[in-house]
Amino acid sequence: MENSSLPVLAIGSDHAGFPLKSALARWLRAAGYELHDFGVHAPERCDYPDYAHKVCRAVEEGAARFGILVCGTGIGMSMAANRHPAIRCALVSEPLSAEFARAHNDANVVAMGSRMIGEEMGIAILKTFLATAYEGGRHDQRLAKLSPPTC
Ligand code: RB5
């Protein structure tokens, strides 16, 4: 059953990320998260940016608080996600990076590689990512400088 005190999430993957995405989606739903699953819904060959953009749009528009992206390595998904000005996507493969991505970088999207990590590691990353708050303070001015100045 969904727990309305938990943040709403958006998730997406390409064909390579499909196995890990499916496992993460199952775990998140069992843990009570409301989840918008933007696909893929079967491991058919596709282009990862299409799914990165769907998930990032949901976060930008406020339909989801956080996004989760999975491809083979997580690299392509994170590249596509970080083209969105309001998205701070962190590619992580262990929980400590997930913790710093939230605490220092206020990451609102996390990317993972289905060919790089297993299901247990993916769940451990999500648990940490979702449990860690942004620290603010000295990090605010650094985040404000992420967008290059206009010339
Ligand atoms: C698909 O083969 C693979 O290139 C993709 O999932 C991803 O790893 C790209 O960064």
Side-chain angles (χ1 to χ4, degrees), residues 2 6-134 139 142-150:
E2 282 170 17
L6 295 173
V8 176
L9 305 175
I11 197 166
S13 76
D14 68 354
H15 53 290
F18 178 72
L20 180 58
K21 193 263 288 182
S22 304
L24 297 178
R26 258 195 314 276
W27 182 83
L28 287 165
R29 289 206 168 100
Y33 286 91
E34 181 183 342
L35 186 65
H36 301 297
D37 187 343
F38 288 94
V40 289
H41 299 294
E44 75 261 14
R45 195 167 293 280
C46 63
D47 300 328
Y48 57 81
D50 296 336
Y51 298 89
H53 297 319
K54 286 179 194 203
V55 167
C56 290
R57 250 175 247 130
V59 174
E60 286 173 322
E61 290 167 3
R65 171 66 183 92
F66 295 114
I68 300 149
L69 294 171
V70 191
C71 63
T73 59
I75 295 171
M77 282 294 197
S78 61
M79 286 180 171
N82 281 316
R83 298 295 179 101
H84 292 247
I87 296 299
R88 291 173 301 281
C89 175
L91 167 57
V92 303
S93 53
E94 35 66 41
L96 186 60
S97 297
E99 182 180 335
F100 280 109
R102 286 290 305 125
H104 287 195
N105 310 110
D106 198 16
N108 50 10
V109 175
V110 62
M112 298 181 221
S114 200
R115 294 173 177 157
M116 317 307 286
I117 62 168
E119 184 178 322
E120 274 183 31
M121 181 59 80
I123 291 168
I125 287 167
L126 278 189
K127 281 182 180 169
T128 302
F129 187 84
L130 294 169
T132 307
Y134 173 53
H139 302 294
R142 297 165 185 169
L143 294 190
K145 289 180 179 177
L146 284 178
S147 306
T150 46

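Counting starts at 1 for both ligands and their atoms, following the listed order. No hydrogens, no waters, no symmetry mates; every other heavy atom, side chains included, goes into these values.
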Does an N or O anywhere in Met77 fall below 3.5 Å from an N or O of ligand 1?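 By distance alone, the answer is no.
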Give me the nearest non-hydrogen protein atom to [atom] as residue plus atom name, then the distance to 0.1 Å.
atom: atom 9 (C) of ligand 1; value: Tyr48 CE2, 3.5 Å
atom: atom 8 (O) of ligand 1; value: Thr73 N, 3.0 Å
atom: atom 7 (C) of ligand 1; value: Cys71 SG, 3.4 Å
atom: atom 6 (O) of ligand 1; value: Asp14 OD2, 2.6 Å
atom: atom 10 (O) of ligand 1; value: Gly76 N, 2.8 Å

Straight-line distance of Tyr48 OH to Asp14 CG, nearest 0.5 Å: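 One finds 8.5 Å between OH of Tyr48 and CG of Asp14.
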Would you call [X] and [Y] a side-chain contact if the rule is heavy atoms closer than 4.5 Å?
X: Leu24; Y: Ile123; answer: yes
X: Arg65; Y: Val8; answer: no
X: Phe129; Y: Val92; answer: no

Proximity flag Arg115 to ligand 1, non-hydrogen atoms under 4.0 Å: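 Yes, that is the case, since the closest heavy atom of the residue is under 4.0 Å from the ligand.
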Would you please test Ile11 and Val55 for side chain to side chain contact (heavy atoms under 4.5 Å, CB included) and show each step? CA-CA 6 Å; Ile11 197 166; Val55 167; 5.7 Å; no
For atom 2 (O) of ligand 1, decide whether some protein heavy-atom distance is shorter than 4.0 Å.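 There is a protein heavy atom less than 4.0 Å from atom 2 (O) of ligand 1.
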